[in-house]
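In what follows, every heavy atom counts, from backbone to side chain, and hydrogens, waters and symmetry copies are set aside.
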Amino acid sequence: DEDPEALAERILARFEQVVAALQLNPPQLRLVSNLSGKLAGADELTRPSYWRRHVREAVRFGDGLATLRAQRIDLAIELGPHPTLLSFAGAVFGDEGPVRVASMRKGESDWPFVLDALASAYLAGARIDWRAQAQDAQGRMPRLSALPSYPFQRERFWFQAKPVAAALGAGRPSGDA
């Protein structure tokens, strides 16, 4: 029987080797580290040892939310199979916080839910590359239509029906008898 701690260390060492074989690029967006709960430095996120620690150490989710609150973010998107952490974000931010969007929900079809999340992010002010999102499951692009850039003019074209006089007499001659 192997000591569980020794086994965990062997697994972590192998994990770090696998991560070291990857090309780790600096992030293009600011990220909050789950290790510190603070904004992560680009050099920090490109070290395999960071990701080893990420697997092993405690998650500082509450501290991360406090950092996001201090950053005064406008939008929080939970990436995961079901929204569980957004409720914690609501407790930290309250009603004054960012728009909170779930990316998926257990028991619902993924693609329509993701599109709804994209629409919610767009309505919150996020820039979305809609052409990149428009491909179907086979990678085909739909035909896109240009819409007018001016507001639609509401003008009615319904005709006004006039009462029909013949229907009033119901087949009886009108006039004095």
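In this structure, Thr67 contributes its side chain and Gly37 its backbone to a donor-acceptor pair below 3.5 Å.
When the side chains of ILVMFWY residues are joined at heavy-atom separations under 4.5 Å, either directly or via intervening members, Phe88 and Val59 end up in a single hydrophobic cluster. The cluster map of Ile, Leu, Val, Met, Phe, Trp and Tyr, joined by side-chain heavy atoms under 4.5 Å apart, puts Val114 and Ile77 in different clusters. With hydrophobic clusters built from ILVMFWY side chains whose heavy atoms lie under 4.5 angstrom apart, Leu31 does not share a cluster with Phe61. Grouping the Ile, Leu, Val, Met, Phe, Trp and Tyr side chains by contacts below 4.5 angstrom, directly or via other members, places Leu79 apart from Tyr122. In the hydrophobic clustering of this structure, Leu75 does not group with Leu123; members are Ile, Leu, Val, Met, Phe, Trp, Tyr whose side-chain heavy atoms approach within less than 4.5 Å, directly or through other members.
Contact detail for Asn34 and Tyr50: the closest heavy-atom pair is N-OH, 3.9 Å. Closest non-hydrogen pair, Ala76 versus Ile73, comes out as CB-CD1, 4.3 Å. Closest heavy-atom contact between Leu45 and Trp51: O-NE1, 2.9 Å. Of all non-hydrogen atoms in Thr46 and Pro26, the two that sit nearest each other are CG2-N, 3.6 Å.
Listed by chain and residue number, Arg131, Ala132 satisfy the side chain to side chain contact (heavy atoms under 4.5 Å, CB included) test with Asp129 (two or more places apart in sequence, or in another chain). Judged as a side chain to side chain contact (heavy atoms under 4.5 Å, CB included), and not counting sequence neighbours, the contacts of Asp63 are Arg60. Residues forming a side-chain hydrogen bond (donor to acceptor under 3.5 Å, both in side chains) with Gln28 (at least two apart in sequence, or on another chain): none. Residues passing the salt bridge (Lys or Arg N to Asp or Glu O under 4.0 Å) test with Arg53, sequence neighbours excluded: Glu57.
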Atom pairs and distances, donor-acceptor, side-chain atoms in residues 3-21, under 3.5 Å, two or more places apart:
residue : atom : partner : partner atom : Å
Asp3    : OD2  : Ala6    : N            : 3.4
Glu5    : OE1  : Arg56   : NH2          : 3.1
Glu5    : OE2  : Arg56   : NH2          : 2.2
Glu9    : OE1  : Arg52   : NH2          : 2.6
Arg10   : NH1  : Glu2    : OE1          : 2.7
Arg10   : NH1  : Glu2    : OE2          : 2.3
Arg14   : NH1  : Gln17   : OE1          : 3.3
Glu16   : OE1  : Arg52   : NH1          : 3.0

Check residues 92-110 and write down every donor-acceptor pair under 3.5 Å in which the side-chain atom is one partner and the other belongs to a residue at least two apart or another chain.
residue : atom : partner : partner atom : Å
Arg100  : NH1  : Pro98   : O            : 3.4
Ser103  : OG   : Glu78   : O            : 2.9
Ser103  : OG   : Gly80   : N            : 3.3

Between Glu44 and Ser33, is the side chain to side chain contact (heavy atoms under 4.5 Å, CB included) condition met? List the steps. CA-CA 9 Å; Glu44 179 181 15; Ser33 168; 4.1 Å; yes
Assess the residue pair Val32 and Leu68 against the criterion (side chain to side chain contact (heavy atoms under 4.5 Å, CB included)); give the C-alpha distance rounded to whole Å, side-chain angles, the decisive distance to 0.1 Å, and a yes or no. CA-CA 8 Å; Val32 175; Leu68 292 174; 3.6 Å; yes
